[in-house]
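Take a look at the structure below.
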2 protein chains.
Amino acid sequence: MSKLREPARSPVEACCTPLVGQELSVEQSELMAAMFKALGDPVRLRLFSKIASHPDGEACVCDISDVGVSQPTVSHHLKRLREAGLLTSERRGTWVYYRVTPSALGAMSGMLSADA
Amino acid sequence: MSKLREPARSPVEACCTPLVGQELSVEQSELMAAMFKALGDPVRLRLFSKIASHPDGEACVCDISDVGVSQPTVSHHLKRLREAGLLTSERRGTWVYYRVTPSALGAMSGMLSADA
DNA sequence: TGCTTGATTCGACGTTCATCGATGTGCCCT
DNA sequence: AGGGCACATCGATGAACGTCGAATCAAGCA
């Protein structure tokens, strides 16, 4: 119905359907693939994990930069995670704090859960 | 303890830790990133979805090949999904049947669930 | 033995990506 | 104003990736 007329801008809106329930549409697959792709790099996954497991749910770049690559590369990966909708960033004074987008996590795990 | 001495060959064994619980080790991140990477392509995600949502939990290649790319490309993507441990394949007569590795799905969704 | 259909492998081509050093920007402190 | 720190952007480079047509393999059938 009207669902077809709203293109579902955010990956989060795009998926609440469990993978095993019914096959994905082309649009859904493109949005979700972008999120999976963002986590499909060891360095990015570690950065994401460091942020997600941080006490206050947020971490400054300096807290998580120790992943074995140069600082520009860390910044590059954080940007990709941000562009995929998995992270948000906020500058407070000298430091920039990153935080996991909660609904994004839910969308991915919801899709992978076998509840159908 | 002894956990450190067994390298956790399979991605499934490697991860049962929720992402938000504690940060991933280097080995864990590499194994899990390979699985996410495998789903990080729209065509592969649709193939995976088609198999996962198939009635008997398995599908022959001919049932899922209609994803808009050539047949060698389909085969290539199925191979990548197999190598990531997400699918298993079995030849029965003329056709080859693919099936989702159940524990792989569980590992990924378990990692993304926020239960900590 | 040949022929047909289903599926994988091979070789090539253009694109995307991860990585780095150098440079730029924003903020704080003296 | 000036210097120093945290982080982002730029430009380049080599590797990995997605895609295809052609060739190959595997199984069934005449």
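Just so we're on the same page: letters track the sequence lines, and every chain starts at 1.
Here A/Arg44 lies in heavy-atom contact (under 4.0 Å) with sugar-phosphate atoms only. Residue contacts for A/Thr94: at a heavy-atom cut-off of 4.0 Å it reaches the sugar-phosphate backbone alone, with no base atom in range. Using a 4.0 Å heavy-atom cutoff across all strands shown, A/His76 reaches at least one base atom of the nucleic acid. Residue contacts shown for A/Tyr98 are limited to sugar-phosphate atoms, with no base heavy atom under 4.0 Å away.
One finds a side-chain N or O of B/Lys79 lying less than 4.0 angstrom from the OP1 or OP2 phosphate oxygen of C/dT9. Residue A/Lys37 has no polar side-chain atom (N or O) positioned under 4.0 Å from OP1 or OP2 of C/dT16. At C/dA18, one or more side-chain N or O atoms of A/Arg80 fall inside 4.0 Å of OP1 or OP2 (strictly under the cut-off).
Looking at A/Glu58, A/Arg82, A/Arg99 one by one, the single match for side chain to side chain contact (heavy atoms under 4.5 Å, CB included) with A/Thr88 turns out to be A/Arg99.
Between D/dT9, C/dC20, C/dC17, one nucleotide has an atom nearer to the side chain of A/Ser70 than all others, and that is C/dC20. If you check C/dG6, C/dT8, C/dG26 against the side chain of A/Arg91, the one that comes closest is C/dG26. Side-chain atoms of B/Ser75 lie closest to C/dT8 of the nucleotides C/dT8, C/dT16, D/dA8. Considering only the side chain of B/Val43, D/dT19 comes nearest among D/dT19, C/dA18, D/dA8. Proximity note for B/Thr73 (side chain, C-beta onward) versus D/dT19, D/dA8, C/dA7: the nearest is D/dT19. Which of D/dA27, D/dC20, D/dG18 sits closest to the side chain of B/Pro72 comes down to D/dC20.
In terms of modelled atom types and a separation under 3.5 Å, the side chain of B/Ser49 and the main chain of B/Leu45 share no donor-acceptor contact. Between the side chain of B/Thr101 and the main chain of B/Gly85, a donor-acceptor pair closer than 3.5 Å is present.
For A/Cys60 and B/Gly40, each mapped to the nucleotide of DNA chain D holding its nearest heavy atom, the one lying further toward the 5' end belongs to A/Cys60.
Between B/Asp63 and B/Tyr98, every side-chain heavy-atom pair lies at or beyond the 4.5 Å cut-off.
In this structure, B/Tyr97 places its OH atom 13 Å from C1' of D/dA27, rounding to the nearest Å. C/dA7 atom P lies 14 Å from atom CG of B/Asp66, rounded to whole Å. In this structure, NE2 of A/His77 is placed 17 Å from P of D/dC7, rounded to the nearest angstrom. As rounded to whole Å, 17 Å separates atom C1' of C/dT8 from atom CD of B/Glu90. Rounding to whole angstrom units, CG of residue A/Asp41 and P of D/dA15 are separated by 17 Å. In this entry the distance linking CZ of B/Arg92 with P of C/dA7 reads 12 Å, nearest Å. Look at CG on B/Leu87: it is 15 Å from P on C/dA7, rounded to the nearest Å. As a whole-Å value, the separation of B/Leu78 CG from D/dT19 P is 12 Å.
Ion pairing between A/Arg46 and B/Glu30 fails under the 4.0 Å rule for side-chain N and carboxylate O.
With hydrogens and angles ignored, a donor-acceptor pair closer than 3.5 Å exists between the side chain of A/Gln71 and the base of D/dA8.
Judged by the 6.0 Å distance and 45° axis criteria, A/Arg92 is positioned over the aromatic ring of A/Tyr97.
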